[in-house]
K.L.:
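I have a structure here, written as structure tokens, and I will follow up with some questions on it.
Sequence positions, counted from 1, serve as the residue numbers for this chain. What you see is a predicted model; the values in this text were computed from it and never measured.
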Amino acid sequence: MRELVVLVTLACFASAQHQALIDYLERRLLAIEDRISLWHEQTTRYASELRELKQQMVSQLENLDKEKETLRMNVDSVGTRVDRVERELDYLETQNGAQPCVDVDDKLIEQQVTQVKDKQKAKYSKLSDCRDMISSIKAMKIVKRAGGPKGMWTKDTSRGTGNVYIFNGTDEDTIHEFASLQDLSRSLGMSLSKQLKLPSAWKGTGHVVYNNHVYYISQVEEVMVVKYDMKNNLVVDSAVFPVQDYVPVFGLTPETMMDLAVDEEGLWAIYATRQNERHISLAKMDASSLDIEQMWDTNCPKENAEAAFVICGTLYVLYNSKQPGRSRIQCVFDVNDMVTNEDAPLIYFPKRYGAHSSLKYNPQERLLYAWDDGYQILYKLVMKKKLEV
């Protein structure tokens, strides 16, 4: 009997433990279900928030596209208005004309009288029958951007060769020679060039290549013109320019003490001195011996002068402002008195990047080779005949 009681007691105790375990498991399952339900709610809320955020971003992107299109239309409108204003300014400049580039005072009048007398005594003897002068600029072509802000580029001005020469900088001694204009255009920097090292550094941007020779300015104590034979790689002549107290020839290009130029008549030197500090002077040189054949004091001021070149014995001086704008030919001087400032048209150069550091005329091609803030530019000229005055 006792054993039966023990068995019944043990059975009741086991049943109670089993029920307790089932209750515990049920509570744990309910807790897990609650957590799963909470996770589903949070996931649903996060998904909803993400959808709303996506819709907001899509809406904002659409608004940004609309604003971008509106801004583009406004910029195009502003560009059109600026072009219209530039055309109107060009028209007004053409109609109103330029400020006179001659400072009229008693001293200058006396100087001009003396110049007239000197010219009557020694009239310039032309070497060619060239009677052309600039009428307008027909076209501008940007060839390349190779080099620093200031430099000079050209071809041999006496021959029809295609070689192109780059003088990069204002105080260097290495010329970069390209076989053609096409090689320069497709060259990565100076990679396609042949280097030609000069025996001394050039100063400024006033060099020329003429008849297979480089004529450049070397300055240590005095201004010297050096003639270098590129074929034989040697200096064949040099001469100290017979003028004292030099000053930079162009007010806006102070690195250039003297600018050499070539036209149909041959080699010229453009310079300035303290004695005639306010104006530019011109000299005709013998390209063979570097002798000075004749000299003139012009009425072209050096203040705000940017560059100059010579065509058929006529000096053309470009002017600009210290904040670079549009260059213009505002003063001319003809050694044969065939052109005056009143006869010469006021010519504005096309809008560019900065300011000209050099301009070189090629009489074979009737082109101007310009260096503008590292860009190599060609200007095609329209000519007309000079008239006797």
K.L.:
Angle class for the Phe309/Tyr316 ring planes (parallel below 30°, perpendicular above 60°, tilted otherwise)?
P.N.:
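It falls in the parallel class, under 30°.
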K.L.:
So which atom in Asp183 and which in Leu192 form the shortest heavy-atom distance, rounded to 0.1 Å?
P.N.:
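Here Asp183 and Leu192 meet closest at O-CD1, 3.6 Å.
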K.L.:
Could you measure the distance from the CD atom of Glu52 to the CE atom of Met57? Nearest 0.5 Å is fine.
P.N.:
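Between Glu52 CD and Met57 CE, I get 14.0 Å after rounding to 0.5 Å.
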K.L.:
Does the distance from a Lys or Arg side-chain N to an Asp or Glu carboxylate O, for Lys384 and Asp132, drop under 4.0 Å?
P.N.:
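Salt bridge flag = no for Asp132 with Lys384.
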K.L.:
For the CZ atom on Arg45, are there more than 12 heavy atoms of other groups (residues, nucleotides or ligands in this structure) within a distance under 6.0 Å?
P.N.:
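Counting neighbours around CZ of Arg45, more than 12 heavy atoms of other residues, nucleotides or ligands fall under 6.0 Å, so yes.
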K.L.:
Is it possible for you to say whether Val243 and Met258 belong to one hydrophobic cluster, with membership spreading through side-chain heavy-atom contacts below 4.5 Å?
P.N.:
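Yes, one cluster joins them.
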K.L.:
Can you check whether His356 and Tyr375 have ring centres sitting under 6.0 Å from each other?
P.N.:
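No, they do not, as the ring centres are separated by 6.0 Å or more.
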K.L.:
Applying ring pair (Phe, Tyr, Trp, His ring centres under 6.0 Å), which residue pairs with at least one partner in residues 215-258 are found, sequence neighbours left out?
P.N.:
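For residues 215-258: Phe241-Tyr271.
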K.L.:
Name the one of Arg328, Glu306, Gln330 that satisfies side-chain hydrogen bond (donor to acceptor under 3.5 Å, both in side chains) with Asn320?
P.N.:
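Testing Asn320 for a side-chain hydrogen bond (donor to acceptor under 3.5 Å, both in side chains) against Arg328, Glu306, Gln330 leaves exactly one candidate, Glu306.
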K.L.:
Could you tell me whether the side chain of Asn336 and the main chain of Met338 form a donor-acceptor pair under 3.5 Å?
P.N.:
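Side chain of Asn336 to backbone of Met338: no pair is present.
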K.L.:
Within the distance-only criterion (no hydrogens, no angle test), does the side chain of Lys155 pair as donor or acceptor with the backbone N or O of Gln364 below 3.5 angstrom?
P.N.:
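No; judged by distance alone, with no hydrogens or angles, the pair does not exist.
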K.L.:
Which atom pairs, donor and acceptor, lie under 3.5 Å between side-chain atoms of residues 133-143 and protein residues at least two apart or in another chain?
P.N.:
none

K.L.:
Closest approach of Ala283 and Ile292, non-hydrogen atoms and distance?
P.N.:
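Result for this residue pair: CB-CG2, 4.3 Å.
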K.L.:
Do the charged groups of Asp259 and Lys360 touch, with an N to O distance under 4.0 Å?
P.N.:
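Yes, this pair counts.
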K.L.:
Is any side-chain N of the basic residue among Glu255 and Lys150 closer than 4.0 Å to the acidic one's carboxylate O?
P.N.:
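Yes, charged N to carboxylate O under 4.0 Å.
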K.L.:
Taking atom CG of Leu367 and atom CG of Leu378, what is their separation to the nearest 0.5 Å?
P.N.:
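Going from CG on Leu367 over to CG on Leu378, the span is 5.5 Å.
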K.L.:
Hey, does Leu315 have a side-chain heavy atom less than 4.5 Å from the side chain of Thr298?
P.N.:
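A side-chain contact exists here, since the closest heavy-atom pair is under 4.5 Å.
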K.L.:
Just by distance, no angles: are the side chains of Ser357 and Thr253 close enough, under 3.5 Å, to form a donor-acceptor pair?
P.N.:
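No, no side-chain donor-acceptor contact under 3.5 Å.
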K.L.:
With a 3.5 Å distance limit and no angle check, can you tell me whether Thr205 reaches the backbone of Met152 through a side-chain donor-acceptor pair?
P.N.:
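Not a single qualifying donor-acceptor pair exists.
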K.L.:
Hey, could you give me the CG/CD distance between Leu53 and Gln60, rounded to the nearest 0.5 Å?
P.N.:
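Between Leu53 CG and Gln60 CD, I get 8.5 Å after rounding to 0.5 Å.
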K.L.:
Less than 4.0 Å between a side-chain N and a carboxylate O, is that true for Arg366 and Glu264?
P.N.:
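The answer is yes: the pair qualifies as a salt bridge.
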K.L.:
Counting N and O atoms only, with roles assigned by atom type, does the side chain of His40 sit under 3.5 Å from a partner on the main chain of Leu38, one being a donor and the other an acceptor?
P.N.:
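No; judged by distance alone, with no hydrogens or angles, the pair does not exist.
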K.L.:
For the backbone of Gly169 and the side chain of Trp202, can you confirm whether one donor and one acceptor N or O come within less than 3.5 Å of each other?
P.N.:
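The answer is yes, because a donor-acceptor pair under 3.5 Å joins these two groups.
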K.L.:
Would you tell me whether Glu365 and Tyr369 have side-chain atoms, one donor and one acceptor, within less than 3.5 Å of each other?
P.N.:
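Tyr369 and Glu365 do have a side-chain donor-acceptor pair below 3.5 Å.
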K.L.:
Do Tyr24 and Ile22 have side chains that approach each other closer than 4.5 Å (heavy atoms only, starting at C-beta)?
P.N.:
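Counting from C-beta outward, Tyr24 and Ile22 never come under 4.5 Å.
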K.L.:
Look only at the side chain of Asp156 and the backbone of Ser158, and say whether a donor-acceptor pair between them is shorter than 3.5 Å.
P.N.:
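At least one qualifying donor-acceptor pair exists.
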K.L.:
Is it possible for you to say whether Leu196 and Val235 belong to one hydrophobic cluster, with membership spreading through side-chain heavy-atom contacts below 4.5 Å?
P.N.:
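Hydrophobic grouping puts Leu196 with Val235.
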K.L.:
Taking C-beta and beyond as the side chain, do Ile329 and Tyr348 meet within less than 4.5 Å on heavy atoms?
P.N.:
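No; the side chains remain at least 4.5 Å from each other.
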K.L.:
Looking at Asn212 and Asp229, what are the two nearest heavy atoms and their distance?
P.N.:
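Taking every non-hydrogen atom into account, O-OD1, 4.0 Å.
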K.L.:
Nearest 0.5 angstrom please: His207 NE2 to Ser218 OG, how far?
P.N.:
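If I round to the nearest 0.5 Å, the distance is 11.0 Å.
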K.L.:
Would you say Lys227 and Val214 make side-chain contact, with heavy atoms under 4.5 Å?
P.N.:
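Contact flag for Lys227/Val214 side chains = no.
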K.L.:
Could you check whether any side-chain N or O of Ser48 sits under 3.5 Å from a backbone N or O of Thr44, counting only pairs where one atom can act as donor and the other as acceptor?
P.N.:
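Not confirmed, Ser48 side chain does not pair with Thr44 backbone.
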K.L.:
Considering non-hydrogen atoms only, spot the tightest contact between Asp334 and Cys312 and give its length.
P.N.:
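Shortest heavy-atom contact: OD1-O, 4.2 Å.
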K.L.:
Quick one, Met257 and Lys203 - any side-chain contact, counting heavy atoms below 4.5 Å?
P.N.:
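A side-chain contact is absent here, since even the closest heavy-atom pair is not under 4.5 Å.
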K.L.:
Can you tell me how far the CG atom of Leu184 sits from the CD atom of Gln182, to the nearest 0.5 Å?
P.N.:
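Answer rounded to 0.5 Å: 9.5 Å.
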K.L.:
Hey, what do you get for CD (Glu293) to CG (Asp286), rounding to the nearest 0.5 Å?
P.N.:
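The distance works out to 5.0 Å.
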K.L.:
Does Lys302 reach the main-chain N or O of Pro248 with its side chain, forming a donor-acceptor pair under 3.5 Å?
P.N.:
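Here the side-chain-to-backbone pair exists.
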K.L.:
Tell me, yes or no, whether the heavy-atom count around Glu49 atom CD, taken from other residues, nucleotides or ligands under 6.0 Å, exceeds 12.
P.N.:
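Above 12, so yes.
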K.L.:
Do other residues, nucleotides or ligands put more than 12 heavy atoms under 6.0 Å from Lys380 NZ?
P.N.:
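Not buried by this count: 12 neighbours or fewer within 6.0 Å.
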K.L.:
Would you check if the side chain of Ser281 reaches a backbone N or O of Ala272 as a donor-acceptor pair within less than 3.5 Å?
P.N.:
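Checked: no pair found.
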K.L.:
State, without any angle test, whether Trp268 and Asp263 hold a side-chain donor-acceptor pair at a distance under 3.5 Å.
P.N.:
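Asp263 and Trp268 do have a side-chain donor-acceptor pair below 3.5 Å.
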K.L.:
Say whether Thr273 and Asp245, considering side chains only, have a donor N or O and an acceptor N or O under 3.5 Å apart.
P.N.:
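Short answer, no.
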K.L.:
Starting from Val339, can I reach Leu318 by hopping between I/L/V/M/F/W/Y residues whose side chains sit under 4.5 Å apart?
P.N.:
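Linked within one cluster.
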K.L.:
When you check the side-chain N and O atoms of Thr314 and Lys386, is any donor under 3.5 Å from an acceptor?
P.N.:
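Yes, side-chain donor-acceptor contact under 3.5 Å.
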K.L.:
Run through Met73, Lys66, Glu67 and flag the one making a side chain to side chain contact (heavy atoms under 4.5 Å, CB included) with Glu69.
P.N.:
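That would be Met73; it is the only one of Met73, Lys66, Glu67 passing the side chain to side chain contact (heavy atoms under 4.5 Å, CB included) with Glu69.
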K.L.:
Which heavy atom of Asn299 sits nearest to which heavy atom of Cys331, and what is that distance?
P.N.:
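Minimum heavy-atom separation between Asn299 and Cys331: OD1-SG, 3.8 Å.
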K.L.:
Give the minimum heavy-atom separation between Asn163 and Glu177, together with the two atoms involved.
P.N.:
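In terms of heavy atoms, the two residues are closest at ND2-OE2, 2.7 Å.
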K.L.:
Could you check if a side-chain atom of Asn304 sits within less than 4.5 angstrom of a side-chain atom of Leu252, using non-hydrogen atoms only?
P.N.:
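Counting from C-beta outward, Asn304 and Leu252 do come under 4.5 Å.
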K.L.:
Are Arg35 and Ile32 packed together at the side-chain level, in the sense that at least one heavy-atom pair is separated by less than 4.5 angstrom?
P.N.:
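SC-SC contact between Arg35 and Ile32 ruled out.
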K.L.:
Of Phe167, Trp371, Tyr165, Phe178, which meets side chain to side chain contact (heavy atoms under 4.5 Å, CB included) against Trp153?
P.N.:
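With Trp153 as partner, side chain to side chain contact (heavy atoms under 4.5 Å, CB included) holds for just one option, Trp371.
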K.L.:
Got a sec: does the CG of Leu188 have more than 12 other heavy atoms crowding it under 6.0 Å?
P.N.:
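No, the 6.0 Å shell around CG holds no more than 12 heavy atoms from other groups.
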K.L.:
Assess whether atom CD of Glu303 is packed by more than 12 heavy atoms of other residues, nucleotides or ligands within 6.0 Å.
P.N.:
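No, not enclosed.
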K.L.:
Mind checking whether Val249 and Phe333 sit in one hydrophobic cluster, side chains of I, L, V, M, F, W, Y counted as touching below 4.5 Å?
P.N.:
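Both belong to a single hydrophobic cluster.
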K.L.:
Can you check whether Ser187's main-chain N or O pairs, donor with acceptor, with Ser191's side chain at less than 3.5 Å?
P.N.:
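Not confirmed, Ser191 side chain does not pair with Ser187 backbone.
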K.L.:
Answer whether the closest heavy-atom distance between the side chains of Val225 and Ile217 falls below 4.5 Å.
P.N.:
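Heavy-atom side-chain distance check passes, below 4.5 Å.
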